[in-house]
S.K.: 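Okay, here's the structure, questions in a sec.
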Amino acid sequence: MKEETNYWKINNPTTGDEYIQLASELLKQGEVVAFPTETVYGLGADARNQEAVAKIFKAKGRPSDNPLIVHVANREQMKQYVTQIPDVAHRLIERFTPGPLTIILESNQTLAKNVTAGLSTVGIRIPDHPVALALLQACNLPLAAPSANQSGKPSPTTANHVYEDLNGRIAALLDGGPTSVGVESTVIDCTGEIPVILRPGGITKEDIESLIGPVMVDPGLADESLRPRSPGMKYTHYAPEVPLYLVQGDAQAIQNQIDAFQQKGKKVAVIVSKEYADQLVAPDIQMVGSRNHLEEVARHLYDALRHFKEQDFDVILCESFPYDGVGQAIMNRLTKAATKQIG
Ligand code: TXA
Ligand code: MG
């Protein structure tokens, strides 16, 4: 298919909206549609339809052993695809959904096999976004939806990012404006004795622990030599077009690196907080918000990673952020995006 993708701007999301209806029809016919969630844009298809799900993998160029998250409209629907909901999962669902939390549970094998890449478990979430919810209600289907980027690139936080990556490869794109969280959902495995965070994201470890007590974090997240339990975490991810160096240290450390690269004749771009930006002398600075408001940094991060094009720059230098709260997710993504860590 090399047809143009239908680009539909949603101004007033309701199930009766003309474009929500059209998108819903496409999904029922087994087509793929990109839509906004509160975290990043997703690329959705009917999770019960194997052929429809196969189109997601094809459009993104995604490895088929990487399972997809299933999106549903409400808590009732979450129950339909799992064998049981353990008590901790129940409490997490009550508190954090709709919201940026994906819960891994034992699948009852009613969804298409390629959604879960053959695993016995399934990841499910209820997105907290009016367009996503209106679409889920209108089509009344579970929607398998990974982030709507070309595999390997940073996830899309605007409709324009999706259009750049997937125009002509998907049936439709719903534009609901920029997403508010900016990094993907937290993935937590609730199938074992103690819940395990497989991917840090929009709901923080602190948030989770204040509700259910201590949880584990997949050791594979910190140690590259271990095999991560979340299959998706092992692939190259979030990579900008220009090599990114993650700089440890303060604004002065970054300035030293800028100067050193410039002396070698390199064209340097910088991604930093506004506090660091105020102290730097550099030609091309992308500010991502305040170091004291990491939610703001998360919201702007992927747009900054996509901002610099390879014909214009040799290297991106990026600040290291604190690991507090959503800082865990920010640093997880930046470490994966980085060619190396310096300073
Ligand atoms: O915020 C989000 O989660 C976004 C929006 C669109 O909802 N979606 C998203 O999907 O980030 P994706 O496919 O880009 O990332 C899904 C992650 C991958 O790391 C995958 O390996 C993991 O979730 N995952 C999915 N099902 C799993 C399962 N059954 N067991 C372990 N990990 C799983
Ligand atoms: Mg993704």
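Quick note: residue numbers are just sequence positions, from 1. Counting convention: from 1, in listed order, for ligands and their atoms alike. Below, each value reflects all heavy atoms present in this structure, side chains not excepted, and no hydrogens, waters or symmetry copies.
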S.K.: Side chains of Thr102 and Ser185: do they bring a donor and an acceptor to under 3.5 Å?
M.R.: yes
S.K.: Using a plain distance cutoff, I'd like to know if Thr102 has any nitrogen or oxygen under 3.5 Å from a nitrogen or oxygen of ligand 1.
M.R.: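 Among all N and O atoms of Thr102, none is under 3.5 Å from an N or O of ligand 1.
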S.K.: Within the supplied structure, the quantity of interest is the number of heavy atoms (other residues, nucleotides, ligands) at a distance under 6.0 Å from Phe308 CZ; does it exceed 12?
M.R.: yes
S.K.: If you count the atoms of ligand 1 from 1 in the order shown, which ones are under 4.0 Å from a heavy atom of Leu119?
M.R.: 28 (C), 29 (N), 30 (N)
S.K.: So which heavy atom on Val162 is nearest to which on Pro156, and how close?
M.R.: CG2-CB, 3.6 Å
S.K.: Could you tell me whether Asp189 approaches ligand 1 through its side chain, its backbone, both or neither, with non-hydrogen atoms closer than 4.0 Å?
M.R.: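 Neither; nothing of Asp189 gets under 4.0 Å from ligand 1.
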S.K.: Does a donor on one side chain sit under 3.5 Å from an acceptor on the other, for Asp175 and Tyr7?
M.R.: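 The answer is yes; a qualifying pair exists.
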S.K.: Show which atoms of ligand 1 fall inside a sub-4.0 Å distance from at least one heavy-atom site of His71.
M.R.: 5 (C), 6 (C), 7 (O)
S.K.: For ligand 1, find out whether one of its N or O atoms is nearer than 3.5 Å to an N or O atom of Glu184.
M.R.: no
S.K.: Residues in side chain to side chain donor-acceptor pair (under 3.5 Å) with Asp128, at least two apart?
M.R.: none
S.K.: May I ask you to list the atoms of ligand 1 that are less than 4.0 angstrom from any heavy atom of Gly42?
M.R.: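 That gives atoms 6 (C) of ligand 1.
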S.K.: Can you tell me which residue pairs pass the side-chain hydrogen bond (donor to acceptor under 3.5 Å, both in side chains) test with a partner in residues 256-271, sequence neighbours excluded?
M.R.: Gln252-Asn256, Gln255-Asp259
S.K.: Before accepting this row, confirm whether a basic side-chain N of the pair Arg306/Glu241 lies closer than 4.0 Å to the acidic partner's carboxylate O.
M.R.: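 No, no charged N to carboxylate O under 4.0 Å.
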S.K.: Can you confirm whether the side chains of Asn160 and Thr158 place a donor and an acceptor under 3.5 Å from each other?
M.R.: no
S.K.: How many protein N, O or S atoms sit closer than 2.8 Å to the Mg ion (ligand 2)?
M.R.: 1
S.K.: Which is closest to atom 26 (N) of ligand 1 by heavy-atom distance: Pro127, Ser120, Pro67?
M.R.: Pro67
S.K.: Among His293, Glu319, Glu296, find the residue that satisfies the side chain to side chain donor-acceptor pair (under 3.5 Å) test when tested with Ser273.
M.R.: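 The option that passes is Glu319.
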S.K.: May I ask you to check if ligand 1 and Arg199 share an N or O to N or O distance below 3.5 Å?
M.R.: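 It does: an N or O of Arg199 is found under 3.5 Å from an N or O of ligand 1.
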S.K.: Under 4.0 Å, heavy-atom basis, I'd like to know which part of Thr121 is in contact with ligand 1: side chain, backbone, both or neither.
M.R.: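 Both parts.
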S.K.: Scan residues 279-290 for pairs that pass side-chain hydrogen bond (donor to acceptor under 3.5 Å, both in side chains), counting only residues two or more places apart or in two chains.
M.R.: Glu275-Ser290, Gln286-His307
S.K.: Consider only side-chain N and O atoms of Ser155 and Arg333, and report whether a donor and an acceptor are under 3.5 Å apart.
M.R.: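 Short answer, no.
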S.K.: What are the atoms of ligand 1, with element, lying closer than 4.0 Å to any heavy atom of Thr39?
M.R.: 1 (O), 2 (C), 4 (C), 5 (C)
S.K.: Relative to ligand 1, is Lys60 under 4.0 angstrom through side chain, backbone, both or neither, heavy atoms considered?
M.R.: neither
S.K.: Does at least one non-hydrogen atom of Val40 fall below 4.0 angstrom from an atom of ligand 1?
M.R.: yes
S.K.: Only heavy atoms of Ser147, strictly under 4.0 Å: list the atoms of ligand 1 that pass.
M.R.: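 The atoms of ligand 1 under 4.0 Å from a heavy atom of Ser147 are 8 (N), 9 (C), 10 (O), 12 (P), 14 (O).
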S.K.: Is it the side chain (CB and beyond), the backbone, both or neither of Leu198 that lies under 4.0 Å from ligand 1, heavy atoms counted?
M.R.: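 Only the side chain of Leu198 comes within reach of ligand 1.
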S.K.: State, yes or no, whether a side-chain contact exists between Gln248 and Ile254 at a heavy-atom distance under 4.5 Å.
M.R.: no
S.K.: Are Arg125 and Glu184 ion-paired here, with the side-chain N under 4.0 Å from a carboxylate O?
M.R.: no
